[in-house]
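This is a predicted model, so every value here is computed, not measured.
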Amino acid sequence: MVAKLLLSDYGKYLSTDQIEALHEFQRTAANGKKVVKITDGVCFKIMNMMTAVNRKIFMQHRKLAKRSNRPVAQ
């Protein structure tokens with residue numbers, strides 16, 4: 001679910017290597033025989049990508065808030 005969300009909504013924040021890794025993860029997850037080969041490390045890699053994208057989005061939000069002198073929601 002996170003991989004699909006990253007690719008569909010936040011692709012502009014990802015590098016080509018990250019996009020390839022997400023596509024590979026989706027292909028592996030779609031194949032019933034290969035699902036058991038998905039390791040915790042691969043899942044953590046996908047979640048770390050989402051965290052990095054979330055940080056980038058928050059930084060943009062903070063810059064916009066500073067420009068308009070609005071406080072950032074805590």
**Request:** Check which hydrophobic residues are tied to M59 through side-chain heavy-atom contacts below 4.5 Å, counting indirect links as well, and list them.
**Result:**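 The other cluster members (ILVMFWY side chains, heavy atoms under 4.5 Å, direct or chained): none.
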Tabulate below the donor-acceptor pairs under 3.5 Å that side-chain atoms of residues 33-56 make, not counting sequence neighbours, or state none.
unit_1: T39; atom_1: OG1; unit_2: V42; atom_2: N; d: 3.4
unit_1: N48; atom_1: ND2; unit_2: F44; atom_2: O; d: 3.2
unit_1: T51; atom_1: OG1; unit_2: M47; atom_2: O; d: 3.0
unit_1: K56; atom_1: NZ; unit_2: Y13; atom_2: O; d: 3.1

**Request:** Could you list the residues that satisfy side chain to side chain contact (heavy atoms under 4.5 Å, CB included) with L7, not counting sequence neighbours?
**Result:**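 If we apply the side chain to side chain contact (heavy atoms under 4.5 Å, CB included) test to L7, skipping adjacent residues, the hits are I19, L22, H23, Q26.
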**Fill in**
Residue set satisfying side chain to side chain contact (heavy atoms under 4.5 Å, CB included) with S15, at least two apart, ordered chain then number -> D17, Q18
**Under the salt bridge (Lys or Arg N to Asp or Glu O under 4.0 Å) test, residues paired with E24 that sit two or more places apart** =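 By the salt bridge (Lys or Arg N to Asp or Glu O under 4.0 Å) rule, E24 matches R27.
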